[in-house]
Enquirer: 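Structure provided below as structure tokens; questions to follow.
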Protein chains: 2
Amino acid sequence: MARTSGSNGERTAAHIRDAGVRLIHRHGFEAMSLRQLATEVGLQPGSLYNHFENKQALLFEIVRTHMEELLAELGAALEGRTDPVDRLTAFSAFHLRYHMTRRMLVYIANSELRSLEPGNREAIVALRGRYEATVVAILADGVASGAFKVADVRVAAYAVIAMLTGVCDWYRPDGRLGQEEIARLYTDLVLKGVTG
Amino acid sequence: MARTSGSNGERTAAHIRDAGVRLIHRHGFEAMSLRQLATEVGLQPGSLYNHFENKQALLFEIVRTHMEELLAELGAALEGRTDPVDRLTAFSAFHLRYHMTRRMLVYIANSELRSLEPGNREAIVALRGRYEATVVAILADGVASGAFKVADVRVAAYAVIAMLTGVCDWYRPDGRLGQEEIARLYTDLVLKGVTG
DNA sequence: TGGTGAAACAAACGGCCGTTCGTCCGGATA
DNA sequence: TATCCGGACGAACGGCCGTTTGTTTCACCA
């Protein structure tokens with residue numbers, strides 16, 4: 001046999017990324033084998049190389065795409081808002097929604113920095129720095145305007161991000177609380193924590 | 001050659017655990033090889049089996065010991081305190097101190113639940129449940145006494161724990177802020193967030 | 001309708017994996 | 001001083017690893 005009837009490069013590449021996310025989340029990147037991945041997608045191991053250069057490039061592509069979408073959607077969520085309280089509320093709602101719907105991706109991006117080659121890791125860390133800087137800026141604006149009162153803006157930003165990201169650890173789509181209710185609860189905690 | 005001069009079971013076992021923590025943190029449990037571990041400790045691969053039953057038992061032993069020490073030290077930190085604000089402050093200070101000094105262990109315990117066999121995983125999840133329940137109880141007491149005001153005690157507990165645990169992601173012993181200062185900053189955020 | 005290139009296959013490369021086993025040394029006990 | 005056994009060695013087991021290669025097929029466009 002050779003090329004399968006009905007095969008399609010775009011679609012296969014998407015299947016590979018999706019299955020890759022599942023397997024990396026389950027086993028860790030280094031422990032995920034390309035043979036598992038190929039089986040999951042329904043290919044021979046060698047055929048994967050029609051869709052990426054090597055295993056490292058697959059990880060980088062997954063994490064980079066995630067970070068760029070995260071940043072783009074954050075920009076959209078904040079667009080047109082200028083009041084710090086409004087912006088922080090919008091950030092909180094966006095961050096929670098994104099993290100509740102893409103838990104595996106978020107987990108990988110946070111835990112597999114260690115498996116990226118130095119150059120790739122630096123690129124991702126830079127993107128993450130832009131995300132964090134946005135939150136720092138919101139808090140700094142609020143402090144300047146008197147809306148917020150925090151002793152250390154950077155620590156507060158890390159604290160807020162970590163608190164919200166923690167939703168990934170326990171949220172289940174069929175759980176006790178819905179996404180909107182969770183967003184309300186967390187956002188209340190955030191605002192109370194940073195309001196003077 | 002055979003038994004090395006000056007060898008000592010207790011000491012070797014401790015070296016194995018320490019090196020194991022480093023390697024699991026660096027590569028993930030499944031991706032850590034016992035050959036790497038043996039090299040790190042200065043043994044042949046087969047000799048490791050004088051100190052654990054198998055790879056899985058090594059992971060379980062590391063995580064279980066960590067969780068039991070965490071619970072024991074939490075108990076000590078809260079001992080004799082009854083006021084909810086006092087207890088939450090003590091919890092925050094303890095949690096931060098513990099997590100700043102044992103970052104790799106904490107990371108492993110949080111990320112390698114996936115690599116534990118079902119029975120072992122359940123045992124660890126139960127220990128973690130006791131830790132979380134302690135925080136829930138502190139918050140519930142505070143709500144009952146009027147000291148705290150949170151809409152959902154469980155969500156608030158998860159939020160507080162995640163926020164504080166996040167210190168592992170950025171704290172460096174030689175960084176801008178010392179442990180006491182960080183503890184003060186985080187504890188302020190926590191108390192402001194849950195105080196009515 | 002013929003040609004071209006994307007996308008698949010099968011097989012193989014050297015190398016590492018967790019674990020078991022038979023052996024032997026050397027420090028503590030009797 | 002004799003003996004026991006904890007703790008090490010080294011070799012081996014079957015099996016999986018990431019990647020490369022040569023070949024083949026099918027979808028699409030001129």
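Values below: all heavy atoms of this structure, side chains included; hydrogens, waters and symmetry mates excluded. Sequence lines set the chain letters: A, B, ... in the order given, protein chains first and strands last, and positions in each chain run from 1. Just so it is clear, the structure is predicted and the values come from calculations on it, not from any experiment.
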Enquirer: Checking B:E112 now: which residues fulfil side chain to side chain contact (heavy atoms under 4.5 Å, CB included) with it, not counting sequence neighbours?
Expert: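 Checked B:E112 against side chain to side chain contact (heavy atoms under 4.5 Å, CB included); matches are B:I24, B:F29, B:L59, B:I108, B:R114, B:S115.
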Enquirer: Over how many whole Å does the gap from A:L43 atom CG to C:dA6 atom P extend?
Expert: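 Whole-Å distance recorded here is 17 Å.
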Enquirer: Regarding A:R97 and A:E180, does a basic nitrogen lie under 4.0 Å from an acidic carboxylate oxygen?
Expert: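 Salt bridge between A:R97 and A:E180, a charged N being under 4.0 Å from a carboxylate O: no.
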Enquirer: Return the set of residues passing side chain to side chain contact (heavy atoms under 4.5 Å, CB included) with A:H15 (not counting sequence neighbours), or none when no residue passes.
Expert: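 A:H15 satisfies side chain to side chain contact (heavy atoms under 4.5 Å, CB included) with A:R11, A:V41 only.
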Enquirer: Name all residues meeting the side chain to side chain contact (heavy atoms under 4.5 Å, CB included) criterion together with A:S33; count only those two or more places apart in sequence or in a different chain, and write none if there are none.
Expert: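 Partners of A:S33 under the side chain to side chain contact (heavy atoms under 4.5 Å, CB included) test: A:R35, A:Q36.
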Enquirer: Whole Å only: how far is the CZ atom of B:R11 from the C1' atom of D:dA8?
Expert: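 In whole Å, D:dA8 C1' lies 14 Å from B:R11 CZ.
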Enquirer: Mind checking what makes side-chain hydrogen bond (donor to acceptor under 3.5 Å, both in side chains) contact with A:R172, not counting sequence neighbours?
Expert: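 None.
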Enquirer: With ring-ring contact (aromatic ring centres under 6.0 Å, His included) as the rule and sequence neighbours excluded, what pairs involving residues 105-141 of chain B come up?
Expert: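 Every ring-ring contact (aromatic ring centres under 6.0 Å, His included) pair that includes a residue of residues 105-141 of chain B, provided the two are not neighbours, is B:H25-B:Y107, B:F91-B:Y131, B:H95-B:Y131.
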Enquirer: Quick one: B:K55 NZ to C:dT20 C1', roughly how many Å, whole number?
Expert: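 In whole Å, C:dT20 C1' lies 17 Å from B:K55 NZ.
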Enquirer: Taking atom P of C:dA7 as reference, at what distance in whole Å does atom CD1 of A:I16 sit?
Expert: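 Whole-Å distance recorded here is 10 Å.
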Enquirer: Taking side chain to side chain donor-acceptor pair (under 3.5 Å) as the cut-off, I'd like each qualifying pair that reaches into residues 137-160 of chain B, sequence neighbours left out, listed once.
Expert: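 Counting only pairs at least two positions apart or across chains, the side chain to side chain donor-acceptor pair (under 3.5 Å) contacts touching residues 137-160 of chain B are A:R176-B:D152, B:R154-B:Y158.
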Enquirer: Think A:T12 has a side-chain N or O under 4.0 angstrom from the OP1 or OP2 of C:dA8?
Expert: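 Looking at the OP1 and OP2 atoms of C:dA8, one of them is under 4.0 Å from a side-chain N or O of A:T12.
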Enquirer: For the side chain of A:P45, counting heavy atoms from C-beta on, which of C:dA8, D:dT19, C:dA10 is nearest?
Expert: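 Closest nucleotide among those given: D:dT19.
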Enquirer: Show every ring-ring contact (aromatic ring centres under 6.0 Å, His included) that has at least one partner inside residues 53-82 of chain A, sequence neighbours left out.
Expert: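 Listed once each, the pairs are A:H66-A:Y98.
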Enquirer: Check this one for me: any side-chain N or O of B:Q44 less than 4.0 Å away from OP1 or OP2 of D:dG10?
Expert: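 Checking B:Q44 against D:dG10: at least one side-chain N or O falls below 4.0 Å of OP1 or OP2.
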Enquirer: Can you list, in residue-number order, the parts of residues 28-40 of chain A that come under 4.0 Å of DNA chain C, counting heavy atoms only?
Expert: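 Those residues are A:R35.
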Enquirer: Please report the distance, rounded to the nearest Å, between NE2 in A:H27 and P in C:dC17.
Expert: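 Spelled out: NE2 on A:H27 to P on C:dC17 is 18 Å.
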Enquirer: Based on the rotation axes of five pairs at each end, what angle does the helix from C:dT1-D:dA30 to C:dA30-D:dT1 bend through, to 10°?
Expert: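 Inter-axis angle at the termini of the helix from C:dT1-D:dA30 to C:dA30-D:dT1: 20°.
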Enquirer: So which pairs with a foot in residues 77-87 of chain B pass salt bridge (Lys or Arg N to Asp or Glu O under 4.0 Å), sequence neighbours left out?
Expert: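 Listed once each, the pairs are B:R81-B:D86.
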Enquirer: Could you check if a side-chain atom of B:W170 sits within less than 4.5 angstrom of a side-chain atom of B:I182, using non-hydrogen atoms only?
Expert: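 A side-chain contact exists here, since the closest heavy-atom pair is under 4.5 Å.
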Enquirer: Does A:A162 have any side chain to side chain contact (heavy atoms under 4.5 Å, CB included) partners at least two apart in sequence or in another chain, and if so, which?
Expert: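 Testing A:A162 for side chain to side chain contact (heavy atoms under 4.5 Å, CB included), a comparison that skips the adjacent residues, returns none.
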Enquirer: Going by number, which of residues 47-54 of chain A have a non-hydrogen atom under 4.0 Å from DNA chain C?
Expert: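 Contacting residues: A:S47, A:N50, A:H51.
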